[in-house]
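Have a look at the structure below before the remarks.
Values reported hereafter were calculated over all heavy atoms of this structure, with side chains retained and with hydrogens, waters and symmetry mates removed. The first residue of the sequence shown is numbered 1, and numbering continues consecutively from there. Not measured: the values here are computed from a predicted model.
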Amino acid sequence: MADLLTHEEYKALAAALDLPQNAWIDGAYRPAISGKTFETVNPATGVVLGTVAACGAADVDFAVAKAREAFEDGRWSRLHPAARKDVLVRLAKLMERNARELAVMESLDSGKTIYDCESVDIPESIHVIKWHGELIDKIYDQVSPASADHIAMVVREPVGVVGLVLPWNFPLLMLAWKIGPALAAGCSVVVKPAAETSLTALRLAELAAEAGLPRGVLNVVTGSGADVGEPLGRHPDVDMVSFTGSTVTGRRFLNYSADSNLKEVVLELGGKNPCIVLDDAEDLDAVAAHVVNGAFWNMGQNCSAASRLIVQSGIKDRLLKKVEEHSREWVVGDPLNPEVRVGALVSKAHFGKVAGYLKAAAGEKIVMGGKVVAEGFIEPTVVEVASNDATLAREEIFGPILTVITVGSFEEAIAVANDTDYGLAASIFTANGKRALRGARTLRAGTVTVNSFGEGDITTPFGGYKQSGFGGRDNSIHAHDQYTQLKTIWLDLTDTADTAID
């Protein structure tokens, strides 16, 4: 992580930024064909940062056509793997060189704290691009066991033109999670960033061109879900779509696929993730730090947020006292202040939704918080509910509200944890090794952390069970699978002369 600047220095950098305005298609910035634009707003201040191209179906058609042209002529898809690796490694270096600009741009556009952007989002995005780039020429195809008269090769081929639809909570990092393996596989991509947070995706596309990525291989089409996301999902010349976002929108992409060309769809959706703390958990101070980080990091706008604290009754009061103490360290304020840990929610609409859950919290036992600090800002809130049936325990809030549920036993904790439509992530804290492993095996979630909160790292696959998504995994070598097709090549080695009829 780079050394942080002062609040005033970050504000000066923000004022000097040259923000992108147009979509990026076929290697250049281009306005929407219609000429329409929309405003992008700083959610922390309500100030309009600038206007961005409001693209539509015609722009999607143009971008897909250019991506298809790039894929079919092989300027990237048939480039030597080592050459593709060099481009992605150069891109990672350019991102590193421009890391502070990207961090400030991300904070302005999303309301994320500059602390998180500088310490997590931008460094991790760089690492993801470099990791997938370095992997390109290290993935081997296979030869299956066959008879002496045959050779059977199993080879990977890029799936083709890919639509990548991004969420607004981690704009650059989710872009890196998707373009890293997609470009490494040799695909051409059309990216649809969230309308709330388009700026860093556009800037990265420009850096990719500077790194040597051929035109048409990476396209960024900005606009609304209805005007860009749906046409991309329905497009007959898009071979697959990878979507990260809400479960409601994920269902739509399945319908778009069914109504068009049955394109492959990979979904990474919501979560209502349990954090189990058992009576024998050691060092409650450390446990509380993990709980607070899991609940309030990125203002709780995280699909893997530890939003349900399921705690055994014997330690509940002591743990909640520690949670309250650690929560005080999460200062709410201007995201460009490096001492702030809780910034603004991403938009006025989302702020209104999360603030609505505070009304539900008022009917429960509020341990701490429960207030709107200012327009766009909600303080870290901890609420005890009577059971897992409460609204706050069932619905994905996507805000800084932690729901606490008390249980009497290990078995009850697991049952409550699994009593959800989602299955993205889970945590369990216990000093008993057998219970930790039994719990990890029994929890219905794609990632289970033991005595910690987290998502693993770039080497581990990330994705969920049930309504948290399916079709593939982000991160790790497994992320490449969803952007490739498997082909069997069967070679008959028998001598035709031996089998010929005299």
Side-chain angles (χ1 to χ4, degrees), residues 5-22 32 36-55 100-118 121 166-172 193-203 222-227 245-246 296-302 330-359 369-381 397-401:
L5 303 179
T6 66
H7 190 190
E8 292 304 317
E9 287 172 322
Y10 279 119
K11 289 196 291 185
L13 277 176
L17 280 181
D18 183 16
L19 301 177
Q21 295 181 317
N22 289 317
K36 293 180 180 179
T37 62
F38 65 92
E39 292 180 341
T40 185
V41 177
N42 181 343
T45 63
V47 172
V48 175
L49 296 170
T51 58
V52 178
C55 296
R100 181 144 282 155
E101 173 199 2
L102 291 169
V104 175
M105 193 179 292
E106 190 92 314
S107 179
L108 285 176
D109 206 22
S110 68
K112 295 170 70 73
T113 66
I114 193 66
Y115 178 89
D116 283 346
C117 291
E118 288 261 42
D121 292 49
L166 307 180
W168 45 253
N169 57 337
F170 293 93
L172 192 64
E196 296 89 345
T197 53
S198 301
L199 299 181
T200 49
L202 293 168
R203 181 66 177 114
T222 51
S224 70
D227 293 333
S246 72
F296 303 138
W297 176 47
N298 199 41
M299 293 70 73
Q301 299 172 137
N302 180 14
W330 288 65
V331 179
V332 182
D334 183 355
L336 287 178
N337 184 342
E339 296 181 1
V340 164
R341 297 299 307 277
V342 180
L345 297 179
V346 72
S347 68
K348 188 174 182 178
H350 186 61
F351 165 72
K353 173 192 168 186
V354 177
Y357 281 104
L358 291 182
K359 296 178 181 178
K371 296 187 179 68
V372 170
V373 176
E375 182 72 20
F377 295 83
I378 291 176
E379 65 180 340
T381 297
I397 299 170
F398 232 60
I401 300 175

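- Note that the NZ atom of K11 and the CG atom of L5 stand 13.5 Å from one another [nearest 0.5 Å].
- Atom CG of L49 is separated from atom CG of L17 by 9.5 Å, given to the nearest 0.5 angstrom.
- Within the 4.5 Å cutoff, the side chain of V332 has heavy atoms near those of the P380 side chain.
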Candidate pair R341 and V331, rule side-chain contact (heavy atoms from CB on, under 4.5 Å), full reasoning: CA-CA 5 Å; R341 297 299 307 277; V331 179; 5.6 Å; no
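- The closest side-chain heavy-atom distance from S198 to F38 is below 4.5 Å.
- Heavy atoms only, all atoms of each residue included: L108 and A14 are closest at CD1-CB, 3.7 Å.
- For the atom pair T37 OG1 and N22 CG, the distance stands at 9.5 Å (nearest 0.5 Å).
- Of the possible donor and acceptor atoms, none in the side chain of E379 sits under 3.5 Å from a partner among the backbone N and O of V373.
- Applying the ring pair (Phe, Tyr, Trp, His ring centres under 6.0 Å) test to W330 and every residue at least two apart in sequence or in another chain returns nothing.
- Listed here is the closest heavy atom pair of V372 and A355: CG2-CB, 4.4 Å.
- Atom OH of Y115 and atom CG of D121 lie 12.0 Å apart (nearest 0.5 Å).
- In this structure, the side chain of S107 engages the main chain of K112 through a donor-acceptor pair within 3.5 Å.
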Under 3.5 Å, which donor-acceptor pairs do the side chains of residues 344-354 form with other protein atoms, sequence neighbours left out?
| from | atom 1 | to | atom 2 | distance (Å) |
| --- | --- | --- | --- | --- |
| S347 | OG | H350 | N | 3.1 |
| H350 | NE2 | F398 | O | 2.8 |

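- For Y10, there are no ring pair (Phe, Tyr, Trp, His ring centres under 6.0 Å) partners two or more places apart in sequence or in a different chain.
- For the pair P338/T6, no side-chain contact is recorded, criterion being any heavy-atom separation below 4.5 Å from C-beta on.
- None of T40, T200, N42, T197 except one satisfies the side chain to side chain donor-acceptor pair (under 3.5 Å) rule with D109; the exception is T40.
- The two residues P335 and G111 have their closest heavy-atom pair at CG-O, 3.4 Å.
- Remark: K36 NZ is loosely packed, at most 12 non-hydrogen atoms of other residues, nucleotides or ligands lying under 6.0 Å away.
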For E101 and L13: C-alpha separation, side-chain torsions, deciding distance, then whether side-chain contact (heavy atoms from CB on, under 4.5 Å) applies. CA-CA 8 Å; E101 173 199 2; L13 277 176; over 6 Å; no
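- Judged purely by atom type and a 3.5 angstrom limit, N169 has no side-chain atom pairing as donor or acceptor with the backbone of N298.
- Remark: M299 CE to D116 CG distance equals 7.5 Å, nearest 0.5 Å.
- Here the closest non-hydrogen pair linking A201 and P193 is CB-CB, 4.2 Å.
- Smallest separation of non-hydrogen atoms from A44 and F377: O-CE1, 3.6 Å.
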side-chain contact (heavy atoms from CB on, under 4.5 Å) for V342 and I378? Distances and angles first, verdict last. CA-CA 8 Å; V342 180; I378 291 176; over 6 Å; no
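- Minimum heavy-atom separation, E118 to A103: CG-CB, 4.0 Å.
- If you take CD on Q21 and OG1 on T51, they are separated by 4.5 Å, rounding to the nearest 0.5 Å.
- Using a 4.5 Å heavy-atom threshold, the side chains of V104 and I114 count as touching.
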Begin from the C-alpha positions of N302 and F170 and carry the test side-chain contact (heavy atoms from CB on, under 4.5 Å) through to its verdict. CA-CA 8 Å; N302 180 14; F170 293 93; 3.8 Å; yes
